[in-house]
Amino acid sequence: MIMAHCRHLPAQHEDLMKDQSKADVVVIGGGIIGCMAARYLIEAGRRVTILERSAIAAGASAGNAGILAFPEIVPIPAPGITWKAPGWLLDPLGPLAIRPAYAARLAPWLWHFWQASSRASFERGLKVQAAMMRLAAAEYETVRKDARLASFIVNTGTLDLYDSEKSFAAATPDWARKREAGFDFHRVGRGEIETLQPGLAPQFEHAIYSEDGLQVSDPAGFTRALAESLREDGVTITIGEAAALEPTEAGARIRLADGGVLEARTVVVACGAWSKTLAKSLGEAVPLDTERGYNTTLPATAFPLKRQLYFNDHSFVVTPLKAGIRVGGAVEFGGLDLPANFKRAEALLTLAKRFLPGLETEGGEQWMGFRPSMPDCLPVIDRSKAAPNVLYAFGHGHLGLTQSAATARLIAELAGQQKPSVNLENLRFDRFSGW
């Protein structure tokens, strides 16, 4: 086997190259979804190789806000959202933007998004997300018991802030849905807001506080520590770019970008925004697209931030990380190839300064990454029809870190022919074909 873009492979990688029969499970993707899937698969007794195109945690797993957002069960495509979206699009630096050069390619995705905003689809998505989040919260409790990972998960609490009583009232039905799903929180006024997070602009008089809000203090470090723990437990990590998949009698064949070949009994496609191409190589069309996320990480001294802040009326967050204070959010559709527009990161920083007047905005590091997103904002967790030994685990949008352990549990169950912990009917890759 010839590896693509190899980097001084250690002996175990060289052995794998000599003997393809040693590939039991190959997980394509070294982000949080792929690494967590590998963890659960080795716990199930499988021998696992992670095939990563560049480096562990090189994409969205490094640049996310670090929030374990278990209460976020309400689907984004909701009844009435199509009336709001045009207003967002009028602001080129607002919470939603579509790059003009990409608009035509995005049209099918937007059509499915509109379909997903029906009342029936919204209610179905709400139930699916609630089930996924309950499983995610339970599985992360298991992850926290691993001493190699426990220190990364901290309780900061989460403060959801609203500009006005009107916008708070508009969000009340969503909070009722979250409470019904079993999540705990309470309303706070200006006095308690100031106690929970001093230094907020006086306009914030309405908020929700979730005392048990969890944070991954270093998203990139967490994923890399997870990968290192996998190495310790016998997982092989190989650098190489998967270009196409083919079914075989014994499993599946991975064709690499440089012409090399790797065969495995089971293949897990968990390479985020790049997963669509691999599904297409099997003849399976998936309406996966990419939401570009932007952020700026400021020095920890930029503001005395105590907890996670959601600015709900503006679709961005400010979170305290080990590396500093991360200001990020919003959505831009522009595919994988167009250059980044860091004016979006600058616009978020300007808003953050307005809402946190004492925030020092100098010395930050900008970032842009790709969130793999499906039109109904639900992930794909499924088995390929063309190659039954190929499993799909992608499309988590903003919730990849949050739902990683739940997804890993479900993938391990699929690989073991076990009944899944969550009904996967609405997470099929082909769920849009009948719409």
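In what follows, residues are counted from 1 in the order of the sequence shown. Hydrogens, waters and symmetry mates are skipped; everything else that's a heavy atom, side chains included, is used.
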Should Ile153 and Leu68 be marked as a side chain to side chain contact (heavy atoms under 4.5 Å, CB included) after you check the CA-CA gap, both sets of side-chain angles, and the distance that decides it? CA-CA 9 Å; Ile153 303 173; Leu68 292 176; 4.0 Å; yes
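- Heavy-atom neighbours of Glu362 CD from other residues, nucleotides or ligands within 6.0 Å: at or below the threshold of 12.
- Using a cutoff of 4.0 Å between basic side-chain nitrogens and carboxylate oxygens, Glu123 and Lys127 are not scored as salt-bridged.
- A side-chain N or O of Asp313 and one of Ser167 form a donor-acceptor pair less than 3.5 Å apart.
- Classification of the Phe168-Tyr162 ring pair by plane angle, with boundaries at 30° and 60°, yields perpendicular.
- For Glu180 and Arg177, the salt-bridge test fails: no basic side-chain N is under 4.0 Å from an acidic carboxylate O.
- A 4.5 Å side-chain heavy-atom check between Tyr392 and Val268 finds every atom pair outside the cut-off.
- When side chains are defined from C-beta on, Glu346 counts as touching Gln366, because their heavy atoms get closer than 4.5 Å.
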Hey, mind stepping through Tyr209 and Glu211 against side chain to side chain contact (heavy atoms under 4.5 Å, CB included) and telling me if it holds? CA-CA 6 Å; Tyr209 180 55; Glu211 187 174 358; 3.9 Å; yes
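- Looking at Ile239 and Arg53, their side chains never come closer than 4.5 Å, going by heavy atoms from C-beta outward.
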Working note: Met132 + Leu378, criterion side chain to side chain contact (heavy atoms under 4.5 Å, CB included); need CA distance, chi angles, decisive distance, verdict. CA-CA 10 Å; Met132 279 291 292; Leu378 298 174; over 6 Å; no
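- Within the 4.5 Å cutoff, no side-chain heavy atoms of Leu321 are placed close to those of Asp218.
- A salt bridge links Arg99 to Glu332: at least one charged side-chain nitrogen sits closer than 4.0 Å to a carboxylate oxygen.
- The main-chain N or O of Asn64 is found under 3.5 Å from a side-chain atom of Arg326 such that the two form a donor-acceptor pair.
- Judged by the 6.0 Å distance and 45° axis criteria, Arg179 is positioned over the aromatic ring of Phe185.
- In this structure the side chain of Leu282 reaches within 4.5 angstrom of the side chain of Pro247, judged on heavy atoms.
- There is a side-chain donor-acceptor pair under 3.5 Å between Glu139 and Tyr40.
- Side-chain contact annotation: His396 with Thr407, donor-acceptor N/O pair under 3.5 Å present.
- Side-chain atoms of Val380 and Arg428, non-hydrogen and from C-beta on, never get closer than 4.5 Å to each other.
- Arg371 contributes no side-chain N or O that, together with a main-chain N or O of Val331, makes up a donor-acceptor pair within less than 3.5 Å.
- Between Glu284 and Lys280, none of the side-chain N atoms (NZ, or NE/NH1/NH2) sits under 4.0 Å from a carboxylate O, so this pair counts as no salt bridge.
- Side-chain atoms of His398 and Gln403 form no donor-acceptor pair, as typed in the model, at a separation below 3.5 Å.
- Dense packing is recorded around NZ of Lys306, with more than 12 heavy atoms of other residues, nucleotides or ligands lying under 6.0 Å away.
- By the 4.5 Å heavy-atom criterion applied to side chains, Leu200 and Leu356 are counted as neighbours.
- Side chain of Thr402 to backbone of Ile67: a donor-acceptor contact under 3.5 angstrom is found.
- Ion pairing between a basic and an acidic side chain is recognised when a charged N comes within 4.0 Å of a carboxylate O; Glu232 and Arg148 show such pairing.
- Residues His206 and Asp163 bring no donor and acceptor atom of their side chains to less than 3.5 Å of each other.
- Using a distance-only test at 3.5 Å, with no hydrogens or angles considered, a donor-acceptor pair links the side chain of Asn295 to the main chain of Gly63.
- Between Arg431 and Asp382, none of the side-chain N atoms (NZ, or NE/NH1/NH2) sits under 4.0 Å from a carboxylate O, so this pair counts as no salt bridge.
- Taking the side chain as every heavy atom from C-beta outward, Val267 and Leu391 never approach each other to under 4.5 Å.
- Residues Arg39 and Glu43 are paired through a salt bridge, judged by an N-O separation under 4.0 Å between the basic side chain and the carboxylate.
- At least one donor-acceptor pair closer than 3.5 Å links the side chain of Gln215 to the backbone N or O of Ala65.
- Remark: Leu214 CG to Thr158 OG1 distance equals 8.0 Å, nearest 0.5 Å.
- Ion pairing of Lys178 with Glu72 is present here, as a side-chain N (NZ or NE/NH1/NH2) and a carboxylate O approach within less than 4.0 Å.
- In this structure, the side chain of Asp160 does not engage the main chain of Tyr310 through any donor-acceptor pair within 3.5 Å.
- Aromatic pair Phe70/Phe183: ring centres not closer than 6.0 Å.
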Please report the C-alpha distance between Phe394 and Trp274 in whole Å, then the side-chain angles of each, then the deciding distance to 0.1 Å, and finally whether the ring pair (Phe, Tyr, Trp, His ring centres under 6.0 Å) criterion is met. CA-CA 9 Å; Phe394 55 78; Trp274 288 266; over 10 Å; no
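- Taking CZ of Phe204 as the start and CG of Leu161 as the end, the distance is 5.5 Å to the nearest 0.5 Å.
- Here the closest heavy-atom approach between residue Leu126 and residue Val74 is recorded as CD1-CA, 4.0 Å.
- Between Tyr102 and Phe333, the ring centre distance reaches or exceeds 6.0 Å.
- Panel note: side chain Ser384, backbone Ala386; a donor-acceptor pair is recorded below 3.5 Å.
- Within the 3.5 Å criterion, the main-chain N or O of Ala55 finds a donor-acceptor partner in the side chain of Glu52.
- No more than 12 heavy-atom neighbours from other residues, nucleotides or ligands sit within 6.0 angstrom of CD on Glu365.
- Glu205 has no carboxylate O lying under 4.0 Å from a charged side-chain N of Arg190, or vice versa, which leaves the two without a salt bridge.
- Shown here for Leu230 and Cys35, the closest heavy-atom pair between the two residues is CD1-O, 3.4 Å.
- Within the 3.5 Å criterion, the main-chain N or O of Ser117 finds no donor-acceptor partner in the side chain of Ser121.
- Between atom NZ of residue Lys353 and atom CZ of residue Phe355 there is a gap of 13.5 Å, rounded to the nearest 0.5 Å.
- Side-chain N or O atoms of Ser210 include none that pairs as donor or acceptor with a backbone N or O of Gly213 at under 3.5 Å.
- Rounding to the nearest 0.5 angstrom, the gap separating the CD1 atom in Ile381 from the CG atom in Leu410 is 5.0 Å.
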Decide side chain to side chain contact (heavy atoms under 4.5 Å, CB included) for Ile28 and Leu245; before the verdict, give the C-alpha distance in whole Å, the side-chain angles of both, and the deciding distance to 0.1 Å. CA-CA 11 Å; Ile28 303 175; Leu245 300 175; 3.9 Å; yes
